[in-house]
Amino acid sequence: MPPEEREAGTLVVGASQAGVQLVASLRQLGDTAPITLVGAEAHPPYQRPPLSKEFLAGTAAPETLAFRTTSFYADHDIELICGERVVDVALPSGGRPGLARTSSGRELPFGRLALTVGARPRRIDVPGADLDGILYLRDLDDAVSLRDRLADASRVVVVGGGFIGLEAAAAARAQGKEVVVVEAADRLVGRAVAPVVSDFLRAAHERRGSSVLLSVDVVGFSGAGGHVDGVLLADGRSLPADLVMVGIGVVPRTELAEQLGLECDGGIVVDAHARTSAPSVVAAGDCTVLPHPMTGEGRVRLESVPSAVAQATLAAATLAGREAVTRSVPWFWSNQGDLKLQIAGLSTGFDRHVVRGDPDTESFSVLYYRSGTLLAVDAVNAPADYLAVRKALTQGIALPAELAADAGTPLKALLAAPAA
């Protein structure tokens, strides 16, 4: 059917976690307008978190990652287009529908627009960065390449001591590789956790045989025959490497938003209803910056599945004319081999923290406070503490620091105390 004869329904650009959640939520809300979901990757929409965890470790196959069965989209009257990137878009105007064009020249009319375009890996810009064997990990093709290359490598250097880098390092070390993690900051995951957790992660990875180098910059890569063979550091050292995995963060995809003149500030700016600066356009997921999900104050960018799901659900409600105001507790997890870190809440701005348990046992938690108010928890192999704090944050239950610091008292008991 020619584009001008097709009913202009909802166009969702980005077959991501947020994109799939958004289209599913629209149908759950009873929305019957046509939906088109466009993804740049050739693969049907799939889960990304396992890529640096189970998939890299060899315990998950590509077919286990799909969000939905192949029949789901057709059964719910959702047109799924894979392998085409939207390169141009114009909003509805003068009674005419909006129109998007893909990289193949396909034209897609729409009445409502959602951007769930995610983020791309931040590239390292140093001499030798284009050598073969220097890889990133963001999508399934990246993960397949990294897993295949890992099988033949013996010396692996991970550039970046964030969650993705540490997960990849754990997977490589578990396969018997010689692993070095290089982090420019003075501690691991410094923007997300307290020093006690950073110190624990460094010690835990070193106990398992990896080396961790802090406060050192990568200034280049050396190679032979077009393939990387060394990582050059600012202090003059050169680390031998058969394989390099770069994990230095991501950059939100804002190209289409900027083309449309939408407000962007480190991401596509949205309100509590997932509306952009153009009220007819919503956005959700890693591409956005949003009001703090618990306080509504300031702007934050949340890179996590639960946040993408919650925001996409709000975006669907907005498109369907059923705006909802919700208070959600951000949560996140990182599996680094046998270390499971679970985070609930946002610790930014904390002025006090208490440690429950002994980090040396590899089972402990850290609770964060500001002016006596509980903000967040980092729980390492301590699921009971994680669940208790998440419940406390969700229900607005106080957990006084003085009481929470007693590791001998289950946090669950403190939650029950007011009711008793």
K.L.:
Shortest non-hydrogen contact from Ser52 to Leu137?
P.N.:
CB-CD2, 3.6 Å
K.L.:
Judged by modelled atom types alone, do Ser363 and Asn381 share a side-chain donor-acceptor pair under 3.5 Å?
P.N.:
no
K.L.:
Counting distance only, does the side-chain N/O of Arg68 pair as donor-acceptor with the main-chain N or O of Pro44 below 3.5 Å?
P.N.:
no
K.L.:
Let's go through Tyr386 and Trp331 carefully: what are the C-alpha distance in whole Å and the side-chain angles of both, what is the deciding distance for side-chain contact (heavy atoms from CB on, under 4.5 Å) to 0.1 Å, and is it a yes or a no?
P.N.:
CA-CA 10 Å; Tyr386 162 75; Trp331 57 279; 3.3 Å; yes
K.L.:
Donor-acceptor pair, Lys53 side chain versus Gln336 backbone, under 3.5 Å?
P.N.:
no
K.L.:
Is Thr288 reaching over with its side chain to a backbone N or O of Gly285, donor-acceptor style, under 3.5 angstrom?
P.N.:
yes
K.L.:
Taking only residues two or more places apart in sequence or in another chain, which ones pass side chain to side chain donor-acceptor pair (under 3.5 Å) with Ser25?
P.N.:
Gln21
K.L.:
So, for Asp242 and His227, which heavy atoms are closest and what is the spacing to 0.1 Å?
P.N.:
O-NE2, 2.9 Å
K.L.:
Begin with the C-alpha distance, continue with both residues' side-chain angles, and end with the deciding distance and a verdict on salt bridge (charged side-chain N to carboxylate O under 4.0 Å, His left out) for Arg208 and Glu206.
P.N.:
CA-CA 5 Å; Arg208 287 159 176 76; Glu206 290 181 336; over 6 Å; no
K.L.:
Measure the spacing between CG of Leu37 and CG of Leu26 and express it to the nearest 0.5 Å.
P.N.:
11.0 Å
K.L.:
Specify whether Phe200 and Phe364 have parallel, tilted or perpendicular ring planes, treating 30° as the upper limit for parallel and 60° as the lower limit for perpendicular.
P.N.:
perpendicular
K.L.:
Heavy atoms, side chains only, cut-off 4.5 Å: are Val366 and Val377 in contact?
P.N.:
no
K.L.:
Does a side-chain N-to-carboxylate-O contact under 4.0 Å join Asp351 and Arg370?
P.N.:
no
K.L.:
Measuring from atom CG of Leu166 to atom CZ of Arg202, what distance do you get when rounded to the nearest 0.5 angstrom?
P.N.:
12.0 Å
K.L.:
To the nearest 0.5 Å, how far apart are CG in Leu262 and CG in Leu260?
P.N.:
5.0 Å
K.L.:
Is any side-chain heavy atom of Val180 less than 4.5 Å from a side-chain heavy atom of Val182?
P.N.:
yes
K.L.:
Just do the salt bridge (charged side-chain N to carboxylate O under 4.0 Å, His left out) check on Arg101 and Glu107 with the steps written out, would you?
P.N.:
CA-CA 5 Å; Arg101 293 183 177 85; Glu107 294 188 340; 3.2 Å; yes
K.L.:
For Phe110 and Val89, run side-chain contact (heavy atoms from CB on, under 4.5 Å): C-alpha distance rounded to whole Å, both residues' side-chain angles, the deciding distance at 0.1 Å, then the answer.
P.N.:
CA-CA 10 Å; Phe110 63 88; Val89 62; 3.7 Å; yes
K.L.:
Given Leu367 and His353, is the side-chain contact (heavy atoms from CB on, under 4.5 Å) satisfied, shown in steps?
P.N.:
CA-CA 5 Å; Leu367 279 64; His353 70 275; over 6 Å; no
K.L.:
Enumerate, atom names and distances included, each donor-acceptor pair closer than 3.5 Å involving a side-chain atom of residues 71-78, sequence neighbours excluded.
P.N.:
residue, atom, partner, partner atom, Å
Ser71, OG, Thr69, OG1, 3.2
His76, ND1, Phe72, O, 2.9

K.L.:
Main chain of Ala388, side chain of Lys412: is a donor-acceptor contact present, judged purely on distance under 3.5 Å?
P.N.:
no
K.L.:
Distance from Ile343 atom CD1 to Asp378 atom CG, nearest 0.5 Å?
P.N.:
4.5 Å
K.L.:
Examine the side chains of Thr409 and Asp406 and answer whether a donor and an acceptor come within less than 3.5 Å of each other.
P.N.:
yes
K.L.:
Apply salt bridge (Lys or Arg N to Asp or Glu O under 4.0 Å) to Arg123 and list each qualifying residue two or more places apart in sequence or on a separate chain.
P.N.:
none
K.L.:
Could you name each residue pair satisfying side chain to side chain donor-acceptor pair (under 3.5 Å) that touches residues 183-194, not counting sequence neighbours?
P.N.:
Arg187-Ser198
K.L.:
Could you tell me if the side chain of Leu80 sits less than 4.5 Å from the side chain of Pro45, heavy atoms only?
P.N.:
yes
K.L.:
Are the side chains of Ile81 and Arg106 in touch, meaning some heavy atoms are under 4.5 Å apart?
P.N.:
yes
K.L.:
What pairs with Asp271 under salt bridge (Lys or Arg N to Asp or Glu O under 4.0 Å), at least two apart in sequence or on another chain?
P.N.:
Arg275
K.L.:
Would you find a donor on one side and an acceptor on the other, under 3.5 Å apart, between the side chain of Arg138 and the backbone of Ala119?
P.N.:
yes
K.L.:
Does the distance from a Lys or Arg side-chain N to an Asp or Glu carboxylate O, for Glu167 and Lys340, drop under 4.0 Å?
P.N.:
no
K.L.:
Please examine the side chains of Leu108 and Leu99, heavy atoms only from C-beta on, and report whether any two atoms are closer than 4.5 Å.
P.N.:
no
K.L.:
Looking at every heavy atom in both Ala392 and Leu415, which two are closest together, and how far apart are they?
P.N.:
CB-CD2, 3.6 Å
K.L.:
Say whether Ser104 and Thr102, considering side chains only, have a donor N or O and an acceptor N or O under 3.5 Å apart.
P.N.:
yes
K.L.:
Just one of Val12, Val86, Ile268 clears the side chain to side chain contact (heavy atoms under 4.5 Å, CB included) bar with Leu115, so which one?
P.N.:
Ile268
K.L.:
Students often mix this up, so state it plainly: with edges at 30° and 60°, are the rings of Tyr368 and Phe350 parallel, tilted or perpendicular?
P.N.:
perpendicular
K.L.:
Specify the closest pair of heavy atoms between Gly165 and Met245, including all atoms of both residues, with the distance to one decimal.
P.N.:
CA-CE, 3.9 Å
K.L.:
Can any side-chain N or O of Thr318 pair as donor or acceptor with the backbone N or O of His273 at less than 3.5 Å?
P.N.:
yes
K.L.:
Is the backbone N or O of Arg390 less than 3.5 Å from a side-chain atom of Thr394, with the two atoms forming a donor-acceptor pair by type?
P.N.:
yes
K.L.:
Is there a donor-acceptor pair under 3.5 Å between the side chain of Asp31 and the backbone N or O of Arg27?
P.N.:
no
K.L.:
Would you mind reporting whether Thr10 and Leu319 have side-chain heavy atoms less than 4.5 Å apart?
P.N.:
yes
K.L.:
Out of curiosity, Leu51 CG to Asp139 CG, how far, rounded to the nearest 0.5 Å?
P.N.:
8.0 Å
K.L.:
Please find the pair of heavy atoms, one from Arg301 and one from Glu303, that lie closest to each other, and give the distance.
P.N.:
NH1-OE2, 2.9 Å
K.L.:
Kindly write out the residues that satisfy side chain to side chain donor-acceptor pair (under 3.5 Å) with Glu41, not counting sequence neighbours, or none if the list is empty.
P.N.:
Tyr46, Arg48
K.L.:
Give a yes or no on whether a salt bridge exists between Asp132 and Arg149, defined as a side-chain N under 4.0 angstrom from a carboxylate O.
P.N.:
yes
K.L.:
Does the side chain of Ile248 reach to within under 4.5 Å of the side chain of Val159, using non-hydrogen atoms?
P.N.:
yes
K.L.:
Is any side-chain heavy atom of Arg122 closer than 4.5 Å to a side-chain heavy atom of Tyr136?
P.N.:
no
K.L.:
When you compare the side chains of Glu84 and Ser103, does any donor N or O come within less than 3.5 Å of an acceptor on the partner?
P.N.:
no
K.L.:
Check whether any side-chain N or O of Thr64 sits under 3.5 Å from a backbone N or O of Ala61 as a donor-acceptor pair, and report yes or no.
P.N.:
yes
K.L.:
Ignoring hydrogens, what is the shortest heavy-atom contact between Leu91 and Ala278? Give both atom names and the distance.
P.N.:
CD1-CB, 4.4 Å
K.L.:
Could you tell me whether the side chain of Ser347 and the main chain of Ala376 form a donor-acceptor pair under 3.5 Å?
P.N.:
no
K.L.:
Roughly how far apart are Gln342 CD and Ser365 OG, rounded to 0.5 Å?
P.N.:
11.0 Å
K.L.:
Would Glu178 and Arg173 count as a salt bridge (charged side-chain N to carboxylate O under 4.0 Å, His left out) here? Give the steps.
P.N.:
CA-CA 7 Å; Glu178 180 182 318; Arg173 186 60 200 162; over 6 Å; no
